Amino acid sequence: MERLNGIGVSPGVAVGRAIVLTQRSDVVRFPIPPERVAREVAALEAARDRSREQLQDIRTRIASARGHELASLFDAQILILDDPLFFDRAADLVRTERVNAAWAVHRAYEELCEVFATVEDAYLRERESDVADVAGRVRLNLRHQGTDPGDLLRDVDGPCLLVADELTASLAAQLDWNRIQGFATDAGSRTYHTAILARSLKVPAVVGLHDASTRITAGTPLVIDGTTGELIVDPTPDALAGAQERATRRPRVRPAPLAGGAPATVATADGVPIRLEVNIELLEDLPAIAACGAEGVGLYRSEFMLGGLPLEEIAEDRQFEVYRALVTHMAPRPVTIRTFDLDERQVSARGATGRRSSRRGLRGVRLGLARPDLLRTQLRALVRAAAFGPLRVMFPFVTAVEEVRQARALMREAAASLGVDAGIPVGIMIEVPAAAVAADLLAPEVDFFTIGTNDLIQYTLAVDRTDDRVSEYYEPLHPAMLRLLRLVRRAAARQGIPVSVCGEMASDPALLGLLVGLGLTSFSMTPAALPMAREVVLDLHAGDARRLAREVLRLSTAADVEHHLFDALAAAGSRRDGERRR
Ligand code: PEP
Ligand code: MG
């Protein structure tokens with residue numbers, strides 16, 4: 001038995017076997033038991049075969065439309081896929097380090113990048129973006145082979161405790177918190193955010209354990225005491241019995257899981273209705289939506305239908321088929337489809353294989369207006385699909401009223417060319433600070449707003465959301481962000497148009513209450529996050545949340561906001577405990 005001391009951030013005691021996760025960039029690493037290695041390697045091979053088929057398919061399609069010279073650009077990616085330095089290395093990592101395949105792919109990619117970094121040759125350096133594309137494609141295909149972190153739980157019987165280097169909201173969203181009874185993390189740096197998360201998940205938690213995620217092996221019996229800040233590894237029978245007795249003293253109160261997957265309207269404890277929808281990228285994700293009870297699709301990211309093909313190769317009929325499938329599957333629930341949020345490199349075959357261009361360049365609706373032929377094609381496909389169920393069209397990356405007017409004119413043209421007066425609601429993403437600040441001017445021009453917090457944070461705070469070195473500056477609770485959210489919500493309310501939030505902030509159980517407090521009542525999130533969001537809403541008192549929002553809007557730093565949220569949650573928790581004891 002060993003006792004590790006950290007900081008208890010969410011009270012109570014939990015007992016179970018360890019599952020271990022570490023996350024770097026957006027890829028999660030987790031150990032797998034020996035008996036699972038063969039299955040993991042098989043999943044990796046299947047993902048590679050699927051990736052090869054997709055790349056060959058793209059190559060063939062481009063060859064027939066554009067000639068062999070352009071098609072051969074994809075040969076480089078096919079070669080990388082089969083290169084021993086990439087694929088065999090990844091398979092080797094799964095076998096020798098006993099880690100999940102997605103992580104192994106990421107590691108093999110990083111090793112290749114290190115090699116490229118030492119090479120002077122510009123042509124070879126260019127290949128780095130091909131390796132990134134190939135690794136991304138294999139990981140995406142792995143997602144459909146059942147090797148995600150949620151799958152970890154299948155390898156462990158009974159209750160589990162999570163040990164992680166850090167617990168992010170996006171990782172929390174992928175896990176089944178009916179099975180995970182508590183968690184312990186190495187990191188103390190994001191203590192308050194993690195603490196708020198733990199309290200929202202209503203599980204005991206200890207943070208600041210430094211290296212617990214490397215010292216503890218998966219399957220080890222553990223006790224987490226969130227009241228004393230202690231993690232007991234391999235408890236003696238006596239310690240275990242004592243902990244089990246304390247664990248039952250403070251049972252977790254969770255609402256019953258949703259039955260049948262019907263769309264569930266949900267309201268806060270004091271009766272404010274909250275709309276919960278999902279963001280989706282792939283049609284394969286549609287069955288998961290039925291299971292989570294979403295009221296609709298709040299964001300379909302159209303660009304994912306490209307699958308590596310340049311936009312010029314995606315004909316109107318192909319787009320229409322995808323949209324029709326989506327709308328038909330969801331009807332009568334509405335689907336909000338965002339027009340392509342691409343940059344110019346993804347438009348033509350030559351650009352598609354080049355380096356990723358600036359996300360602040362010709363992008364989103366700007367690109368659509370610069371290439372009206374492409375936007376018109378897409379809008380025609382959307383108008384045709386609208387005949388099959390409720391559909392809303394949304395333009396991304398809007399910065400000014402003129403863009404909205406021009407885009408809407410193209411929309412009218414597309415409908416007229418089909419001989420229909422579509423009457424389709426048209427909205428915009430609010431994800432650039434200019435749009436947020438000018439929301440009162442944009443509101444009369446559109447039927448709805450959707451706030452994209454991912455881009456709004458990065459452009460407001462001047463932080464590249466993909467650059468790890470500045471991740472500490474990526475702060476959703478920055479006072480500027482809270483003010484912008486209030487501004488947009490008020491502009492929408494004055495105009496009487498709906499506004500929802502579809503960025504990661506909506507997926508974060510630690511932040512949802514504050515968003516409700518800011519007056520936002522409609523959210524769209526990754527499907528895995530929805531059940532937890534539902535629980536948070538059912539437990540929330542909107543009146544209290546509004547009071548809390550008013551208080552935090554007076555604070556001047558993100559850290560103060562976080563502390564205040566934490567204190568409020570802690571006070572609410574003790575109040576609830578007091579009521580339960582009475
Ligand atoms: C956003 O910016 O918040 C958003 C939802 O769009 P994406 O993540 O696709 O840029
Ligand atoms: Mg965005």
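Any value given below was found using the heavy atoms of this structure, including those in side chains, with hydrogens, waters and symmetry copies removed. Residues take their numbers from the sequence shown, with the count starting at 1. Both ligands and their constituent atoms are indexed starting at 1 by order of listing. Since this is a predicted model, take the numbers as computed values, not measurements.
For the Mg ion (ligand 2), the nearest N, O or S atom contributed by Asp455 is named OD2.
Looking at Arg107 and Glu110, a side-chain N of the basic residue comes within less than 4.0 Å of a carboxylate O on the acidic one, giving a salt bridge. Under the 4.0 Å criterion applied to side-chain N and carboxylate O atoms, Arg324 and Asp317 are not assigned as salt-bridge partners.
Remark: ligand 1 atoms within the under-4.0 Å shell around heavy atoms of Gly503 are 3 (O). Taking every heavy atom of Arg301 and a limit of under 4.0 angstrom, the matching atoms of ligand 1 come to 4 (C), 5 (C), 6 (O), 7 (P), 8 (O), 9 (O). Near Gly452, with a cut-off below 4.0 Å to any heavy atom, the atoms of ligand 1 are 1 (C), 2 (O), 3 (O). Proximity to Cys502 (heavy-atom distance under 4.0 Å) selects the following atoms of ligand 1: 5 (C). The Glu431 neighbourhood of ligand 1 comprises atoms 1 (C), 2 (O), 6 (O), with distances under 4.0 Å to a heavy atom of that residue.
With Phe523 as the aromatic partner, Arg275 does not meet the cation-pi criteria of under 6.0 angstrom to the ring centre and within 45 degrees of the ring axis. Annotation: cation-pi pair Arg59/Phe74 absent, no NZ/CZ under 6.0 Å from the ring centroid and within 45° of its normal.
Between Arg338 and ligand 1, at least one N/O pair is under 3.5 Å apart. Geometrically, ligand 1 and Glu303 share no nitrogen or oxygen pair separated by less than 3.5 Å.
For the Mg ion (ligand 2), the N/O/S atoms of Glu431 include one lying under 2.8 Å.
Annotation: salt bridge (Lys or Arg N to Asp or Glu O under 4.0 Å) contacts of Glu413 (sequence neighbours excluded): Arg376. With sequence neighbours left out, Ala529 forms a side chain to side chain contact (heavy atoms under 4.5 Å, CB included) with Ala173, Ser507, Met525, Thr526.
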Gln458 and Tyr473: CA distance, side-chain angles, deciding distance, side-chain hydrogen bond (donor to acceptor under 3.5 Å, both in side chains) verdict: CA-CA 9 Å; Gln458 76 162 344; Tyr473 294 100; over 6 Å; no
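Of all the heavy atoms of Met429, the ones lying under 4.0 Å from any atom of ligand 1 belong exclusively to the side chain.
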